[in-house]
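Have a look at the structure below, then the notes.
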Amino acid sequence: MTAEAPPAPALSYGRLIPVTVHFDDLDALGLLHNARYPLLVERAWAELWQANGITFDGDWAAAGDACNAVKELRLTYEAPVTRPGPYAVHLWLDRLGTTGLTYGFRFCSADGAVTCARGSRVLVRLDATTLRPAPWSEEFRDAARELLRPDA
């Protein structure tokens, strides 16, 4: 008999993506290293978009909406993570523009109840040839709209 994972809490917006903190993610003080938070958030973001069919396989010309770059990252630490194990990242969009977006995130307990860190990140969609801003596809925009925070 296998144990079933507890159901994810009901969120009024965004998605809660499970992540795992490993022992080697902790620093010499036994805290989740500050550089690991953005890495774990990035992994959750990539998992969310892969589930929507937006992937990168090494070909930037074919990457479409996966060809994007970070313009800004803001992160505030609220509660220490002192143990390896299951956690979650709550992701949502604060803004969806023509060529850019701002998404918010919380690094939290697996059930989403305790926030350990929160922040936002600005992404810009790029043309693979010119590396200049390019519009998001309609398919991407349709999927992204589902993540918009209602009061954004």
Side-chain angles (χ1 to χ4, degrees), residues 1-60 62-97 100-126 128 136-137 139-152:
M1 181 165 96
T2 58
E4 291 185 33
L11 299 171
S12 61
Y13 60 92
R15 293 274 312 276
L16 194 65
I17 308 295
V19 296
T20 300
V21 171
H22 298 277
F23 176 77
D24 60 354
D25 291 322
L26 305 180
D27 64 15
L29 296 174
L31 302 172
L32 180 58
H33 191 282
N34 66 81
R36 297 292 194 191
Y37 288 86
L39 175 70
L40 291 164
V41 170
E42 174 68 20
R43 288 177 180 164
W45 184 247
E47 182 177 324
L48 184 147
W49 288 116
Q50 286 173 3
N52 282 287
I54 298 165
T55 61
F56 175 68
D57 65 2
D59 179 0
W60 285 114
D65 295 302
C67 185
N68 57 66
V70 176
K71 181 177 180 181
E72 178 182 305
L73 172 67
R74 293 176 185 247
L75 180 59
T76 302
Y77 305 97
E78 298 189 11
V81 172
T82 60
R83 296 182 183 272
Y87 292 87
V89 176
H90 177 196
L91 296 168
W92 66 88
L93 287 180
D94 284 322
R95 184 187 67 81
L96 177 60
L101 62 80
T102 303
Y103 75 83
F105 62 87
R106 290 185 315 118
F107 186 91
C108 51
S109 57
D111 65 1
V114 177
T115 299
C116 304
R118 69 176 65 241
S120 64
R121 195 163 89 156
V122 177
L123 293 179
V124 177
R125 163 74 161 85
L126 299 176
W136 300 109
S137 70
E139 295 80 18
F140 179 90
R141 296 179 66 74
D142 288 343
R145 281 186 195 97
E146 294 179 18
L147 298 171
L148 280 168
R149 190 179 68 188
D151 57 347

*asked:* Does R141, at its CZ atom, have more than 12 non-hydrogen atoms belonging to other residues, nucleotides or ligands within less than 6.0 Å?
replied: yes
*Which heavy atom of W60 sits nearest a heavy atom of A66, and at what distance?*
CZ3-O, 3.7 Å
_Any donor-acceptor pair under 3.5 Å from W92 side chain to R15 backbone_ = no
_Beyond-backbone contact of V21 with L26, side-chain heavy atoms, under 4.5 angstrom_ = yes
*Side chains of V41 and V19: closer than 4.5 Å at any heavy-atom pair?*
no
*What is the distance from atom CZ of R43 to atom CZ of R36, rounded to the nearest 0.5 Å?*
7.0 Å
*A35 backbone acceptor or donor facing H33 side chain under 3.5 Å*: yes
*Polar side-chain atom of D142 near backbone of E139 as donor-acceptor pair, under 3.5 Å*: no
_Rounded distance [0.5 Å steps], CZ in F107 versus CG in L75_ = 10.5 Å
_With side chain to side chain contact (heavy atoms under 4.5 Å, CB included) as the criterion, how do Y13 and D151 come out once you've worked through the C-alpha distance, each side chain's angles and the decisive distance to 0.1 Å?_
CA-CA 10 Å; Y13 60 92; D151 57 347; 5.8 Å; no
_Residue pairs fulfilling side-chain hydrogen bond (donor to acceptor under 3.5 Å, both in side chains) with at least one residue in residues 78-88, sequence neighbours excluded_ = E78-R118
*From L73 CG over to L123 CG, what is the distance, rounded to the nearest 0.5 angstrom?*
10.0 Å
*Are any of the side-chain heavy atoms of L147 and Y103 separated by less than 4.5 Å?*
no
*Indicate the ring-plane relationship of W49 and W45, choosing parallel, tilted or perpendicular according to the 30° and 60° boundaries.*
perpendicular
*Please report the shortest heavy-atom distance between Y37 and A79, naming the atom on each side.*
OH-O, 4.2 Å
*Going through the distances and angles, do D25 and L39 end up as a side chain to side chain contact (heavy atoms under 4.5 Å, CB included)?*
CA-CA 10 Å; D25 291 322; L39 175 70; 5.5 Å; no
*Would you confirm whether R149, through its side chain, and S12, through its main-chain N or O, come within 3.5 Å as a donor-acceptor pair?*
no
_Has D27 got a side-chain atom pairing as donor or acceptor with L29's backbone, closer than 3.5 angstrom?_
yes
_Quick check: closest heavy atoms across P18 and L16, and the distance to 0.1 Å?_
CD-O, 3.8 Å
_Does T102 form a side chain to side chain donor-acceptor pair (under 3.5 Å) with D94? I'd like the steps, not just the answer._
CA-CA 5 Å; T102 303; D94 284 322; over 6 Å; no
_Using every non-hydrogen atom in the two residues, find where A110 and P86 come nearest and quote the distance to one decimal._
CB-O, 3.8 Å
*Keeping the roles fixed (side chain from R106, backbone from G112), state whether a donor-acceptor pair exists under 3.5 Å.*
yes
_A88 versus S109, closest heavy-atom pair with distance_ = CB-O, 3.7 Å
_Distance in Å, L101 CG paired with R95 CZ, rounded so as to fall on 0.5 Å steps_ = 7.0 Å
*What is the distance from atom CD1 of I54 to atom CG of D65, rounded to the nearest 0.5 Å?*
5.5 Å
_Set out, in order, the CA-CA distance, both residues' side-chain angles and the distance that settles side chain to side chain contact (heavy atoms under 4.5 Å, CB included) for F105 and E42, then state yes or no._
CA-CA 10 Å; F105 62 87; E42 174 68 20; over 6 Å; no
_Looking at every heavy atom in both T55 and Q50, which two are closest together, and how far apart are they?_
CG2-CG, 3.7 Å
*Between CG of N68 and CZ of R125, what distance do you get to the nearest 0.5 Å?*
8.0 Å
*Using a 4.5 Å cut-off on heavy atoms from C-beta on, say whether the side chain of V122 contacts that of V70.*
no
